[in-house]
Amino acid sequence: TALVTIYNINKVYSKGQVKTHALHNISLSINKGEFISISGPSGCGKSTLLSILGLLDTPTNGSYQLANIDTHQLKVDQRSQVRNKHIGYVFQSFNLIDSLTVFENVALPLEHRGMPHADIKAAVEKQLSAVNMDGRLAHKPSQLSGGQQQRVAIARALVGNPDLLLVDEPTGNLDSQNGDAVMQLLKTLNENGATVIMVTHDERYSQMARRQIRLFDGKILVEHKEAVA
Ligand code: ADP
Ligand code: ADP
């Protein structure tokens with residue numbers, strides 16, 4: 001069964017008299033284990049779609065089922081609970097907390113859950129090892145390269161074992177070498193079981209996903225799915 005089912009999603013932003021129809025009747029079904037890229041020109045609705053999938057924003061109409069939960073029925077506090085349990089989110093600008101160490105940044109989502117300290121330590125060290133950052137536990141984000149910061153941000157997003165990893169322009173602030181390394185990491189994490197949905201305007205990186213969705217003017221223009229070998 002599908003992990004994500006969205007059906008006829010529309011998003012209209014209204015500001016006074018100005019309305020922007022950012023998404024038009026988007027329907028998608030996403031299974032566990034997929035690696036999907038969402039690409040298209042600036043303003044086509046990529047971030048809007050990702051924010052809706054991440055429960056950071058709500059559609060104007062249409063339905064969204066996540067892990068058999070009808071997200072429309074959720075109250076505000078339930079939405080954030082569902083988000084914390086099921087979704088890991090990675091931003092273009094890393095969004096790490098500069099005053100905390102690498103270890104503390106990755107531990108944060110588990111501390112919010114009230115996990116025992118020993119379990120947090122084990123989970124954080126395991127996750128930082130999975131992104132090849134286990135040698136930098138006591139560093140502050142400012143002491144790391146952009147690529148290393150993004151790997152820590154990916155560890156923070158995955159440490160709570162979310163069903164869905166949502167990644168918004170992960171390479172947007174990186175040079176090509178660091179960008180390639182972050183993409184390779186996402187590919188490996190997917191091969192090890194993570195379900196990944198990534199927004200990118202970089203054609204080269206969108207082609208690394210097994211399923212590629214291209215948006216134009218808030219609509220799905222084309223969808224390409226890698227043939228099963
Ligand atoms: P992309 O991520 O592909 O660049 P966005 O999802 O950010 O596209 O934006 C899609 C459209 O919706 C654009 O026309 C954008 O200007 C508009 N838009 C996005 N966010 C808002 C907002 N908070 N208020 C009003 N319009 C918005
Ligand atoms: P990106 O393409 O990197 O997502 P955008 O410029 O589309 O960058 O959007 C950056 C932020 O500004 C997003 O949070 C988006 O929702 C918001 N935004 C985009 N367009 C508008 C707009 N016309 N009015 C208000 N907020 C907007």
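First listed ligand is number 1; within each ligand, the first listed atom is number 1.
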Under the side chain to side chain donor-acceptor pair (under 3.5 Å) rule, what do N61 and N8 come out as? Steps first, then yes or no, please. CA-CA 8 Å; N61 56 47; N8 272 349; over 6 Å; no

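With sequence neighbours excluded, the residues that form a salt bridge (charged side-chain N to carboxylate O under 4.0 Å, His left out) with E125 are K121.
At least one donor-acceptor pair closer than 3.5 Å links the side chain of Y205 to the backbone N or O of D180.
Each of the atoms 3 (O) of ligand 1 lies under 4.0 Å from some heavy atom of P41. Close approach of ligand 1 to K46 (heavy-atom distance below 4.0 Å) involves ligand atoms 1 (P), 2 (O), 3 (O), 4 (O), 6 (O), 8 (O). Using a 4.0 Å cut-off to heavy atoms of T20, the atoms of ligand 1 that qualify are 12 (O), 14 (O), 17 (C).
Among the atoms of A22, none of the N or O lies under 3.5 angstrom from an N or O of ligand 1.
Among the candidates T60, T48, D57, T58, the single residue satisfying the side chain to side chain donor-acceptor pair (under 3.5 Å) test with K11 is D57.
Residue contacts with ligand 1 leave out G40, since none of its heavy atoms falls under 4.0 Å from the ligand.
Proximity of T48 to ligand 1, defined as any heavy-atom pair under 4.0 Å, is shared by backbone and side chain alike.
Under a cut-off of 6.0 angstrom, the local environment of NE2 in H72 is sparse, with at most 12 non-hydrogen atoms contributed by other residues, nucleotides or ligands.
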